[in-house]
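In what follows, every chain begins at residue 1, and chains take the letters A, B, ... in the order their sequences are listed. Computed from a prediction, not measured in an experiment: that's the story for all the values here. Scope of the values below: all heavy atoms of this structure, side chains included, with no hydrogens, waters or symmetry mates.
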Amino acid sequence: MSVIKVTVDGTARELEAGADGFGLFTDKTIVAQRVNGELRDLAHKLHDGDVTEGVLISSPDGLNILRHSAAHVLAQAVQSINPEAKLGIGPPITDGFYYDFDVETPFAPEDLKALEKAMDRIIRQGQRFIRRVTTDGEATVELSNEPYKIELIGLKGNQDAVGEGSAEVGAGELTIYDNVDPQTGNVVWKDLCRGPHLPNTRMIGNGYALTRSAAAYWRGNENNKQLQRIYGTAWPTKDELRAHQERLEEAARRDHRRLGAELDLFSFPEEIGSGLAVFHPKGGIMRRVMEDYSRKRHEESGYEFVYSPHITKSNLFEQSGHLAWYADGMFPPMVMDEEVDENGFVRKQGQNYYLKPMNCPFHILIFKSQARSYRDLPLRMFEFGSVYRYEKSGVLHGLTRVRGMTQDDAHLFVTPDNMEEELTKVLGFVLGLLRDYGLDDFYLELSTKEEGNPKFVGDPAIWETATATLQKVATASGLELVPDPGGAAFYGPKISVQARDAIGRTWQMSTIQLDFNLPERFDLEYTASDGTKQRPVMIHRALFGSIERFFGVLTEHYAGHFPPWLAPVQVVGVPIAEAFSPYLHTIADRLKAAGVRVTIDDSDDRMQKKIRNHTMAKVPFILLAGGEDEAAGAVSFRFRDGHQENGIPVDEAVARILKAIEDKVQV
RNA sequence: GCCGACUUGGCGCAAUUGGCAGCGCACCAUACUUGUAAUAUGGGGGUUAGGGGUUCAAGUCCCCUAGUCGGCUCCA
């Protein structure tokens, strides 16, 4: 018997030839092995000199293997119920997996229950996943009933073309995984797949669930046929599945669309149209506070405030290029027909007016309104600009994707020399302001052009300079920087600030975008110190993105428990009995005089009911007063989390409330 | 835009095979005035998203439109 030398989890060992992972890794939570850097099944036989390590089911790779194996079981279940279903692809995704099928009738919610039953049967059988190497020719014959798989075989080796399908085929060997019934040894199902897989189906049963069905375009292209996709989630244990489901429930509780209605902040009246919000008085207070603070900070940071109209003649967006590139995303024009008098002369020229989808061309016209000197730069123009974009009906989502929104938009006109300094300043300003609103966990994304894509206009050399400058500034910030190749706007590269919220979700917040294109199109120039005419660089930036969207993000971040400075009602006074109402009013009057948003609940409800109501309305401070308080010149606090602090002297109570608002802290 | 599901008083929901549109909260009125998350009694409120069709009969079945939700595609 010959012997091979193998490094196992960092330790050199001598094994019998033909040894595999099953013999090496007896820990049942190890589901695969990494051999010489490649993920392999436990059944993979090791060779002399191999370096292998166990892959735990709870590791990122292990979870992917679990979820991908669950996808195979789902596909087998679907074909067991409907043999006519054709297989698309079935990769693991964040928290779960999906599998696409070409079926006559889409799946209904009841179908998912039946499929879970079928999956349970497969899982309980303990089917083994057996890897088998094949060739293009053989596989094409074997899978002649699976047209989508055959298409993937044809794309093998071309990863760009395969895209999402990379779980099926790769650059190396073409493999099929057979699902084998351990009782009979028969192959009961098979799928084109790179693997690896779990040793058997049993481990899937610990914590999986099918979650929803939806349509998805084959290979992600809207010109292709739509397949029916089933999503599922899978975890190593029941507890982890339950924890995942609780996270989803928590996210649902925080949903700004739900809180917007519950807290009476905003709504989307059907009469107005999709994606067009109205802010109610309470949402209006919050929005005004957000805007006022933003204005103050912009003013302090050297921005000048400008205003521009909501509509413009078409030529402005023709010159900017927006009509050529994004006409589909704009509301259709208001058409003013040509008027002709009785002699056939044009009395009034015909014109098309558009609602503006962007503010930049207006700010550019302000720049152009006079001759500019290098002494005028940097010129920073700020506007809360309302823009309208005809978003496709299917993409609208609460306040985060709307058709009418207000951007906190600014355009900075700078010389190439002070570009870097100005970008550094802007990034610092943006991060500082986001922190004031309570977001403090960021990373940056650098979106660059895709080489060779004609969508991106402008001189490649200029793109290079711009990208390098952004990269430098982003790196200097010390924040994590994630590249986003191909993600740039057609006119320039950008940095976007991604913020993580209270439950760890990331939101794209601010963008800082360089633009070498619009100055060219509008022929912008300034006079340099040597008297020559030079072209300024333009920086677009928005902090909130749109106020609506930021409002939605903050609502979810705080789960409606806004810090006092943002809360629509900051203090509610609840008298223990009617007799103590006048006393509470004297305290409320002092707060009111200091600008605090305070009301006294003098309704007929019982005190306990009032506490319940205002707690559910998420009011930061509930002030109670009864006989004991009045006698002591004090007042009692009750907070949203239920805790209380009784008998606080009135002066101290007022000071505490004012300080919490002033300091923008959470309570 | 595409696929699917959904739309019943302000909000959350119910209504069997097509057979009297109901409940809770909220609202209004009256009584009550209580030390930390729901006082009691009574009352008002819906052309079942809008339109068309089938039927003796439609919240329920069919078609169209609008809107919402979940995905896909998109997001200057």
Produce the list of close N/O pairs, under 3.5 Å, pairing protein atoms with atoms of nucleotides 27-31 of chain B; give distances to one decimal.
none

Mind checking if K392(A) touches a base, just sugar-phosphate, or nothing, with heavy atoms under 4.0 Å?
base
State which of A76(B), U33(B), U36(B) makes the closest approach to the side chain of A577(A).
U33(B)
Describe the nucleic acid contact of G329(A) in one word from base, sugar-phosphate, nothing, applying a heavy-atom distance below 4.0 Å.
base
Between Y326(A) and F317(A), does the ring centre distance come in under 6.0 Å?
no
Classify the nucleic acid contact of R257(A) as base, sugar-phosphate or nothing, counting any heavy atom under 4.0 Å across all strands shown.
sugar-phosphate
Give N223(A) one of three labels, base, sugar-phosphate or nothing, depending on what nucleic acid heavy atoms sit under 4.0 Å from its own.
nothing
Base, sugar-phosphate alone, or nothing: which one does R638(A) contact when heavy atoms must sit under 4.0 Å apart?
base
Shortest side-chain distance from K609(A), nucleotide among G35(B), A38(B), G70(B)
A38(B)
What about the rings of H322(A) and Y354(A), do their centers lie closer together than 6.0 Å?
no
Roughly how many Å is it from CZ in F580(A) to C1' in U36(B), rounded to a whole number?
15 Å
For N646(A), report the nucleic acid contact type (base, sugar-phosphate, nothing); a contact means any heavy atom under 4.0 Å.
base
Does NZ or CZ of K449(A) fall inside the cone over W463(A)'s six-membered ring, less than 6.0 Å from its centre and within 45° of the axis?
yes
Could you check, using the six-membered ring where one of them is a Trp, whether F101(A) and Y99(A) have ring centers closer than 6.0 angstrom?
yes
Take nucleotides 2-14 of chain B nucleotide by nucleotide from the 5' end and write B, S or -, depending on whether a protein heavy atom sits under 4.0 Å from the base, only from the sugar-phosphate, or from neither.
BBS----------
Looking at H397(A), R401(A), R403(A), which one forms a side-chain hydrogen bond (donor to acceptor under 3.5 Å, both in side chains) with E391(A)?
R401(A)
Using a strict 4.0 Å threshold on nitrogen-to-oxygen distance, state whether K494(A) and E445(A) make a salt bridge.
no
C23(B) - base-pair partner by Watson-Crick or wobble geometry, distances under 3.5 Å
G12(B)
Contact class for F268(A) vs. all strands (heavy atom < 4.0 Å): base, sugar-phosphate, or nothing?
nothing
Rounded to the Å, how far apart are K225(A) NZ and G1(B) C1'?
19 Å
Look at all strands and tell whether H397(A) reaches a base, only sugar-phosphate, or nothing, counting heavy atoms closer than 4.0 Å.
sugar-phosphate
Describe the nucleic acid contact of G627(A) in one word from base, sugar-phosphate, nothing, applying a heavy-atom distance below 4.0 Å.
base
Answer yes or no: is there an ion pair linking D100(A) with R229(A), defined by an N-O contact shorter than 4.0 Å?
yes
